[in-house]
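Hydrogens, waters and symmetry mates are skipped; everything else that's a heavy atom, side chains included, is used.
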Amino acid sequence: MFEETLLKLVKKISKQAELRQPPDPSFGDFSMPCFPLAKERKQNPVQIAEELAKEVKAPDFVAKVEAKGGYLNFFLKEGALAESVITKILKEKEKHGTSQEGKGKTVVMDYSHPNVAKPFGIGHLRSTVIGQCLVNLFQNQGYKVVRLNYLGDWGTPFGKYIEGYRRWGDAKKLAKEPIKHLYEIYVRYNKEAEDDEELQQQARDWFKKLEEGDKEALQLYHKFRDLSLKEFKRIYTILGVEFDSFDGEFSILPKVEATLALLKKKGLSKIDQNALVVPMEPVPLMLKKSDEATTYGARDLASIEYRVKHYKADHMLYVVGNEQTLYFTQVFSVAKKLGYKGTEHIKFGMYLAEGGKKMATRKGTLVLLDKVLEETIQLALNLIKEKNPKLANKEKVAQQVGVGAVIFGDLVNDRVRDIMFDWEKIVQFEGDTGPYLMYSNARANSILTNVKVGKPDFTQLKHAAEVKLVTVLGNYTMMVQNALRERKPHTLAQYLLEVSHRFNEFYHACPVLKADDKEKAARLSLVKATTTVLENGLALLGIAAPKTM
Ligand code: ARG
């Protein structure tokens, strides 16, 4: 194939040389940046490009070679780019875009991580969706990925849940809607304890008992944990997400003391006002409170050690909101002093309700994820009934569309920014939405039903809309690699929107099934390549691609 042949050619010039597909066809169909060579040869890249343009013996599918601003640009003969791009995609199918780049490397992805007995909030949805997309990208590039759901299943609030449940708990309610019931108890506890010192003390006492392994405390604790996890798993099933482990803060407890001892040995920790801390700016990192209970930070440090030793992690990613930035900077810098590298905070912004207000609050006005998903699936079902009343398995498709809408509505935004959210808007079939992408793909698939894609003559693909679509399809592999390198799913999401836009332009400008035989064969191959790219891309985002909708 042409791309490979050209790659071999530039690799002969220099091992460091790379081949790119320029974003704009006026820079050629393929292009080699001369900057890496400039370093090697201690020469100006512009000059290198000019010399190479004269010297290089281009293969016969190349129409011309041109030097421009430090790049060596290759222009292919008519139809040659289309042949190169489309044959590669059609041959590689669902493998198109993958590589073995990460072979032998292990990534531990810490994502989703909701808190036991607390509602699965929008922040946890963001973490789940972003984390899952990164998991897919890493796996796609040959990395081994451990999908870790580090549950928030330890901490002083459990003292409140236990005492609160003993006071006001209702076994029936707990069995029916465990999180709702426990959360109500928690809110009530906080409120009543505001001016009730005894209540505060009882929560502390119960937490202490729990730490010491008291039977009743442990039994209630495990009940709350199991029931919460069951609810979380229901959400994961809807979202189509799976984990390798749900070991959270509780499971790391037996390992914390050893890490604390190591910190002490290295002289990194000290006692400050009865608490054990790592002195740092602007605030010390707390390891143990004055009552001896270990902290979130101590548990994270122990778990980093565990991830390196047990999983042999080369990369450790934490998909957690912006608000924990200082915390992770501190934890990672302490970990580094212990010799543990490869940690990264994959941060993200909040969803804002209208007027720029924070959407979730501690006292009641919480947006529940179940409700959101239920609603979007219902909206999708209404739309499908209106647009395509004859569609078989409407419920299943509505679920895929509703969930896809939520996932895409999240991933299309640069993760570090806050997002203004409009649930109705993301479910529409028009505009820059997930359903629009899914719909474009279904439309492409409908063209392909019951036709055979014959052997195409690629010089037929001359129309501007065809050329543009071919060019954008050819960028897929590069876009996947960029999205992973930058840890930015939105670049891939945006790219897929562009593919859909280009496809829809092509679809309106160039008839496929009504075209004459030669044109038809070429166009069908282009449509097929488009569905392959859209389906592979959607799968990376974690979105289903129904063939009809
Ligand atoms: N459960 C925590 C929360 O909801 C997030 C846990 C993040 N992971 C970690 N290793 N600290 O805020």
Side-chain angles (χ1 to χ4, degrees), residues 94 97-98 102 106-114 120-152 229 231-248 311 313 315-321 344-349 351 369-370 372-373 376-377 399-416 419 426 434 437-438 479-496 534-545:
E94 59 294 332
T98 62
T106 301
V107 180
V108 173
M109 189 73 72
D110 181 328
Y111 65 122
S112 192
H113 40 232
F120 191 106
I122 299 293
H124 298 120
L125 170 71
R126 295 219 66 190
S127 175
T128 310
V129 165
I130 296 165
Q132 186 59 46
C133 178
L134 291 173
V135 165
N136 298 338
L137 284 166
F138 273 111
Q139 286 176 337
N140 186 268
Q141 299 300 308
Y143 290 82
K144 180 178 162 204
V145 185
V146 181
R147 302 163 300 175
L148 207 61
N149 197 330
Y150 183 75
L151 289 181
L229 189 53
E231 276 203 42
F232 298 149
K233 284 186 175 167
R234 210 185 61 229
I235 294 174
Y236 296 136
T237 308
I238 301 177
L239 291 173
V241 172
E242 279 173 45
F243 295 91
D244 298 305
S245 162
F246 288 92
D247 286 349
Y311 292 119
H315 299 276
M316 291 172 271
L317 274 64
Y318 294 74
V319 190
V320 188
E344 282 176 57
H345 179 196
I346 306 296
K347 44 185 119 169
F348 56 82
Y351 278 6
L369 187 66
D370 304 40
V372 166
L373 286 172
T376 44
I377 293 170
Q399 158 129 3
Q400 292 175 323
V401 172
V403 172
V406 171
I407 296 179
F408 192 81
D410 190 310
L411 292 182
V412 74
N413 303 284
D414 189 341
R415 61 177 161 78
V416 297
I419 313 176
I426 59 163
L437 269 186
M438 299 165 94
M479 294 311 293
V480 169
Q481 288 168 357
N482 282 353
L484 177 59
R485 191 174 47 242
E486 294 172 10
R487 322 288 199 230
K488 295 257 183 180
H490 80 280
T491 57
L492 179 61
Q494 301 272 4
Y495 164 79
L496 293 176
L534 284 177
E535 284 168 19
N536 290 2
L538 282 167
L540 284 175
L541 298 183
I543 298 176

Looking at [atom1] of [X] and [atom2] of [Y], how far apart are the two atoms once the value is rounded to the nearest 0.5 Å?
X	Y	atom1	atom2	value
Ile426	Thr376	CD1	OG1	6.5 Å
Leu239	Gln132	CG	CD	9.5 Å
Ile543	Leu534	CD1	CG	11.0 Å
Asn149	Glu242	CG	CD	12.5 Å
Leu373	Ile238	CG	CD1	5.5 Å
Asp410	Ile122	CG	CD1	9.0 Å

Would you say [X] and [Y] make side-chain contact, with heavy atoms under 4.5 Å?
X	Y	result
Gln494	Val412	yes
Gln141	Val480	yes
Val129	Leu125	yes

Determine whether a donor-acceptor pair (N or O, by modelled atom type, separation under 3.5 Å) exists between the side chain of Arg415 and the backbone of Arg487. yes
Checking the side chain of Asp244 only, and the main-chain atoms of Arg147 only, is there a donor and an acceptor separated by less than 3.5 Å? yes
Minimum-distance pair of heavy atoms, taken over all atoms of [X] and [Y]:
X	Y	result
Thr106	Tyr311	CG2-O, 3.6 Å
Val320	His345	O-NE2, 2.7 Å
Ser112	Ser127	N-OG, 2.8 Å
Val319	Gly131	CG2-CA, 3.9 Å
Leu541	Ile407	O-CG2, 3.5 Å
Gly404	Met438	CA-SD, 4.4 Å

Please assess Tyr236 against Thr128 for the test side-chain contact (heavy atoms from CB on, under 4.5 Å), listing each intermediate value before the final yes or no. CA-CA 9 Å; Tyr236 296 136; Thr128 310; 4.1 Å; yes
Verify the distance criterion only: is there a donor paired with an acceptor across the side chains of Asn482 and Tyr495 at less than 3.5 Å? no
Kindly determine whether Glu344 and Leu317 satisfy side-chain contact (heavy atoms from CB on, under 4.5 Å), including the steps that lead there. CA-CA 5 Å; Glu344 282 176 57; Leu317 274 64; 3.7 Å; yes
Apply the test side-chain contact (heavy atoms from CB on, under 4.5 Å) to residues Phe246 and Lys233: give CA-CA distance (whole Å), side-chain angles for both, the deciding distance (0.1 Å), then the verdict. CA-CA 10 Å; Phe246 288 92; Lys233 284 186 175 167; 3.6 Å; yes
Classify the ring geometry of Phe138 against Tyr143: parallel below 30°, tilted from 30° to 60°, perpendicular beyond 60°. perpendicular
Among Tyr150, Tyr318, Phe243, which residue meets the ring pair (Phe, Tyr, Trp, His ring centres under 6.0 Å) test with Tyr111? Phe243
Under the side-chain contact (heavy atoms from CB on, under 4.5 Å) rule, what do Glu231 and Phe120 come out as? Steps first, then yes or no, please. CA-CA 9 Å; Glu231 276 203 42; Phe120 191 106; over 6 Å; no
